[in-house]
Amino acid sequence: MGIDLPLIWAVIIIFGVMMYVVMDGFDLGIGMLFPFVKDQRDRDVMMNTVAPVWDGNETWLILGGAALFGAFPLAYAVVLEALYLPLILMLIGLIFRGVAFEFRFKAKPAKRHLWDKAFIWGSLIATFSQGVALGAFIEGIKVVERSYVGGALDWLTPFSLFCGLGLVVAYTLLGCTWLVMKTEGPLQQRMHDVAKPLALVLLVVIAVVSLWTPLAYPQIAARWFSMPNLLWFLPVPILVVVTFYGLLRAVARNAHYTPFLLTLALIFLGYSGLGISLWPNIIPPSVSIWDAAAPPQSQGLMLVGTLFSLPIILGYTFWSYYVFRGKVTHEDGYH
């Protein structure tokens, strides 16, 4: 029995995308929280909590894109052609956000508000575009004879737009709980106050998506309510409710670390529900990872390099977060 290379690559891509969502999610969320915080010194602290690590977070996005290109070239070609506009908007937003990180601290006080706006809008556009692309991906992509046959605006639907708004709420909550963990004093208390309404809004978003998806897309409903998928999917909504209850309790008692960890658990549960809905299709609704796979020789050669570099990336990520652990105060400068 040979090694199932497409399966291995699918796991690597799933892991890479999840790492990106978790790690870049909270710094995008911080950008979207800027309008709730007017004090410039507090905004400095917010940026300083992620300044040492934000650029390393982008590594996972590059890994996911490069792995998709090399291991599943058909999926890379079709998905990018179908979602060019939202993905381009995402990259533009990430560029504005990244430039704002570097220039905001060097700008004169009179001009700093311009980089604040770049940080806010870059974070918002990048997040919303990611959510729209995700929603369009869930809805499915029209493929005939290994080619995309849809239009340039097929991604623009009410469901995809709602997913964009939902991801904005999710990332903002992730950024909020990150700041609860990394700050102290009035800023931390303000984030505690914002976390509860954000969590409740996210709960509504998850409920709406959970109802909308099976009602609007029969192929996903068939996956959810057929055996053995039902056995895999059934624990997800139960765990979501339990996690939300724990999150609200942790916020109410002004916990420092638990809200962030429970928000990560919610992101993971949503990600697992998505996987159950689509697996093993890499181009929904009908192209599987095996149909879209590159030749085994190509996947095998790439796998050797990836298995060498992946532990290095993980080690660097762990070490950077370990070095810059602890609270960030007004006295800490830009690293």
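These numbers come from the heavy atoms of this one structure, side chains and all, not from hydrogens, waters or symmetry mates. Position 1 is the first residue of the sequence; numbering continues from there. What you see is a predicted model, and the numbers here were worked out from it, not measured in a lab.
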Residues Leu89 and Ser129: closest non-hydrogen pair is CB-OG, 3.4 Å
Original post:
Under 3.5 Å, side chain of His192 to main-chain N/O of Arg253, donor-acceptor pair present?
Top reply: no
OG1 (Thr59) and CG (Leu314) are apart, to the nearest 0.5 Å, by 10.5 Å
In Val194, Val201, Leu247, the residue satisfying side-chain contact (heavy atoms from CB on, under 4.5 Å) with Leu173 is Leu247
When hydrophobic residues are tied together by side-chain contacts of less than 4.5 Å, even through go-betweens, does Leu301 share a cluster with Leu7?
no
- prompt: Do Asp291 and Arg146 meet the salt-bridge criterion of a basic N to acidic O distance under 4.0 Å?
  reply: no
Residue set satisfying side chain to side chain contact (heavy atoms under 4.5 Å, CB included) with Leu165, at least two apart, ordered chain then number -> Phe128
Starting from the C-alpha separation in whole Å, work towards a yes-or-no answer on side chain to side chain contact (heavy atoms under 4.5 Å, CB included) for Phe26 and Thr263. CA-CA 10 Å; Phe26 61 76; Thr263 304; over 6 Å; no
**Asked** After noting the C-alpha distance and the side-chain angles of Ile141 and Glu81, does the key distance pass the side chain to side chain contact (heavy atoms under 4.5 Å, CB included) rule?
**Response** CA-CA 10 Å; Ile141 298 173; Glu81 185 176 0; over 6 Å; no
If you define the side chain from C-beta out and look only at heavy atoms, does anything of Leu94 sit under 4.5 Å from Leu61? yes
- Item | Test item: Ile282 and Trp9 side chains (from C-beta on) under 4.5 Å apart, heavy atoms | no
Test item: side-chain donor near acceptor, Gln40 and Asp44, under 3.5 Å: no
Heavy atoms of Trp155 and Val132 approach each other most closely as CE3-CG1, 3.4 Å
Practice prompt. For Tyr271 and Ile14, indicate whether the former's side chain and the latter's backbone hold a donor-acceptor pair under 3.5 Å.
Written response: yes
For residues 82-99, the salt bridge (Lys or Arg N to Asp or Glu O under 4.0 Å) pairs (sequence neighbours left out) are Asp24-Arg97, Asp27-Arg97, Glu58-Arg97
Linking I/L/V/M/F/W/Y whenever any side-chain heavy atoms sit under 4.5 Å apart, do Trp121 and Leu114 land together?
no
Using a cut-off of 6.0 Å, state whether more than 12 heavy atoms not belonging to Tyr20 lie near its atom OH.
yes
request  = Begin with the C-alpha distance, continue with both residues' side-chain angles, and end with the deciding distance and a verdict on side chain to side chain contact (heavy atoms under 4.5 Å, CB included) for Ile313 and Met19.
outcome  = CA-CA 11 Å; Ile313 298 172; Met19 291 292 287; over 6 Å; no
Answer yes or no: is there a donor N or O on one side and an acceptor on the other, between the side chain of Thr49 and the main chain of Met46, under 3.5 Å? yes
Q.
With a 3.5 Å distance limit and no angle check, can you tell me whether Lys142 reaches the backbone of Tyr148 through a side-chain donor-acceptor pair?
A. no
If you count the non-hydrogen atoms of other residues, nucleotides and ligands that lie under 6.0 Å from CZ in Phe103, is the total more than 12? no
*Any luck finding a side-chain donor-acceptor pair between Gln188 and Asn254 under 3.5 Å?*
no
Are the side chain of Arg43 and the backbone of Val37 linked by a donor-acceptor contact shorter than 3.5 Å? yes
Notebook entry, point to check: Phe101 vs Trp54 aromatic rings, parallel, tilted or perpendicular, using cut-offs 30° and 60°?
Noted result: parallel
(request) Decide side chain to side chain contact (heavy atoms under 4.5 Å, CB included) for Leu174 and Phe260; before the verdict, give the C-alpha distance in whole Å, the side-chain angles of both, and the deciding distance to 0.1 Å. (result) CA-CA 7 Å; Leu174 197 60; Phe260 181 70; 3.9 Å; yes
Tightest non-hydrogen contact, residues Ala292 and Ala75, listed as CB-N, 4.2 Å
Between the CG atom in Asp42 and the OG1 atom in Thr183, the distance rounded to the nearest 0.5 Å is 8.5 Å
Same hydrophobic cluster for Phe72 and Leu307, using side-chain heavy-atom links shorter than 4.5 Å among ILVMFWY?
yes
The reported gap from OG1 in Thr243 to CG in Leu239 (rounded to nearest 0.5 angstrom) is 6.0 Å
Nearest heavy-atom contact between Ala250 and Leu262 is CB-CD1, 4.5 Å
Minimal heavy-atom distance between Trp178 and Ile30, with the atoms involved, is CD1-CD1, 3.5 Å
Could you check whether any side-chain N or O of Thr127 sits under 3.5 Å from a backbone N or O of Leu124, counting only pairs where one atom can act as donor and the other as acceptor?
no
request  = Consider only side-chain heavy atoms of I, L, V, M, F, W and Y, link residues closer than 4.5 Å, and tell whether Leu248 and Ile267 are in one cluster.
outcome  = no
- prompt: For Phe268, does the CZ atom sit with more than 12 other heavy atoms under 6.0 Å from it, leaving out its own atoms?
  reply: no
Does any N or O in the side chain of Lys327 come within less than 3.5 Å of the main-chain N or O of Met181, such that one atom is a donor and the other an acceptor? yes
Item checked: Ring centres under 6.0 angstrom apart (Tyr316, Trp319) -> no
Sorted by chain and residue number, the side chain to side chain contact (heavy atoms under 4.5 Å, CB included) partners of Leu63 (sequence neighbours excluded) come out as Trp60, Leu310
Hey, quick one: are Leu179 and Tyr257 part of the same hydrophobic cluster, counting side-chain heavy atoms closer than 4.5 Å, chains of contacts allowed?
yes
Smallest heavy-atom separation, Leu202 atom then Gly166 atom, equals CD1-O, 4.3 Å
Distance col, row Asp116:CG vs Met47:CE, nearest 0.5 angstrom, shows 7.5 Å
Are more than 12 heavy atoms from other residues, nucleotides or ligands located less than 6.0 Å from atom OH of Tyr321?
yes
